[in-house]
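Accompanying notes for the structure given below.
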Amino acid sequence: MRTHRLELLPAVDVRAGQAVRLVHGESGSETSYGDPMEAALAWQRAGAEWLHLVDLDAAFGTGDNRQQIAEVARAMDLKVELSGGIRDDASLEAALATGCARVNLGTAALETPEWVAKVIAEHGDLIAVGLDVRGTTLRGRGWTRDGGDLYETLARLDSEGCARYVVTDIAKDGTLQGPNLELLRNVCAATAKPVVASGGVSSLDDLRALATLVPEGVEGAIVGKALYAKAFTLEEALEAVSV
Ligand SMILES: O=C(O)c1ccccc1NCC(=O)[C@H](O)[C@H](O)COP(=O)(O)O
């Protein structure tokens, strides 16, 4: 029997001031879903405990939505995970100043490992690392550049005390093709730290399948496109994973 409920993190990805979803995280593949604040408030009203809030422009290096993201984060009563372009002291301080519950570092873990080791040591549980992969190759800079081997990087981050990992199969992201359960199982087997699954959720059965991985280490699931495409409601999703 499962001891923990799978946490759900509805996603609000922001590009040029709009809530969007991309396919495979590719710039230019956006579908727009309107005002990020309205989307976030809707997930909160529906009972979300977490919000996964992404600054895509900061991730791609095409500007940022920092002020708008901060306004959304500050308006929330739920816990916020902030992602996208957090790569140095200034962007980390700005992210933490929103009162978010944690930040998700991606590119920095690949390009400035010493800085990431330092902030893991300073901030502990406030820091998660996003392991965004094609196959077992990590991708940084808005998923546009190769950044090394998944399992080597995971071992390094584990040795530095990283608290948790957000694992995305880029081939699945935004496609409604189901999560990569094999990848998640393999990552869970390689680390004792909790794993948040991201990318590809298409149905309540996908969420139930992810919930079966809770004993192996999957702590939560980020859900984007499926909610915006109304494949199911957040209320139905929360009910599906309740134990
Ligand atoms: O999180 C990032 O930093 C990021 C950077 C570049 C492209 C995409 C990025 N995130 C995308 C997400 O976190 C999605 O919201 C999430 O994977 C949901 O995917 P899906 O349920 O398949 O829509």
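Numbering starts at 1 and runs along the sequence shown. First listed ligand is number 1; within each ligand, the first listed atom is number 1.
- Between Tyr165 and the choices Thr153, Asp158, Thr191, the side chain to side chain donor-acceptor pair (under 3.5 Å) rule is met once, by Asp158.
- At a 3.5 angstrom cut-off on N or O pairs, Ser83 counts as close to ligand 1.
- Looking only at protein heavy atoms, the nearest one to atom 15 (O) of ligand 1 is Asp13 OD1, 2.9 Å.
- Applying the 4.0 Å criterion to heavy atoms of Gly174 picks out, from ligand 1, the atoms 20 (P), 22 (O), 23 (O).
- Distances from ligand 1 to the non-hydrogen atoms of Gly200 include at least one value under 4.0 Å.
- Here Leu56 has side-chain heavy atoms under 4.0 Å from ligand 1, and that is the only part of it that gets that close.
- Checked by distance only, ligand 1 and Gly142 stay at 3.5 Å or farther apart across all their nitrogen or oxygen atoms.
- Between Trp43 and Tyr33, the distance from one ring center to the other does not fall under 6.0 angstrom.
- For Arg156 and Glu160, the salt-bridge test passes: some basic side-chain N is under 4.0 Å from an acidic carboxylate O.
- The shortest heavy-atom contact between Leu53 and Ala73 is CD2-N, 4.1 Å.
- Remark: ligand 1 and Thr175 share no N or O pair separated by less than 3.5 Å (distance only, no angle test).
- Below 3.5 Å of separation, one finds no N or O of Thr168 facing any N or O of ligand 1.
- Closest to atom 21 (O) of ligand 1, if we only count protein heavy atoms, is Gly224 N, 2.9 Å.
- Ion pairing between a basic and an acidic side chain is recognised when a charged N comes within 4.0 Å of a carboxylate O; Asp13 and Lys225 show no such pairing.
- In terms of protein heavy atoms, atom 13 (O) of ligand 1 is closest to His52 NE2, 2.7 Å.
- Asp55 and Arg66 are not joined by a salt bridge, as no carboxylate oxygen comes within less than 4.0 angstrom of a charged side-chain nitrogen.
- An N or O contact shorter than 3.5 Å links Ser198 to ligand 1 by distance.
- Set against the non-hydrogen atoms of Asp173, the atoms of ligand 1 under 4.0 Å away are 14 (C), 16 (C), 17 (O), 18 (C), 19 (O), 22 (O).
- Every heavy atom of Gly130 sits 4.0 Å or more from the atoms of ligand 1.
- Counting only residues at least two apart or in different chains, salt bridge (Lys or Arg N to Asp or Glu O under 4.0 Å) contacts with residues 100-115 comprise Glu81-Arg102, Glu111-Arg141.
- For Ala226, the heavy-atom gap to ligand 1 stays at 4.0 angstrom or more.
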Run the side-chain donor-acceptor check on residues 123-138: report pairs under 3.5 Å with partners two or more places apart or on a different chain.
| from | atom 1 | to | atom 2 | distance (Å) |
| --- | --- | --- | --- | --- |
| Asp125 | OD1 | Arg164 | NH1 | 2.9 |
| Asp132 | OD1 | Thr168 | OG1 | 3.3 |
| Asp132 | OD2 | Trp143 | NE1 | 2.8 |

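- With respect to atom 9 (C) of ligand 1, the closest heavy atom belonging to the protein is Trp143 CZ2, 3.3 Å.
- Look at Glu49 and Arg5 and you find a salt bridge, because one of the NZ, NE, NH1 or NH2 atoms lies within 4.0 Å of a carboxylate O, short of that distance.
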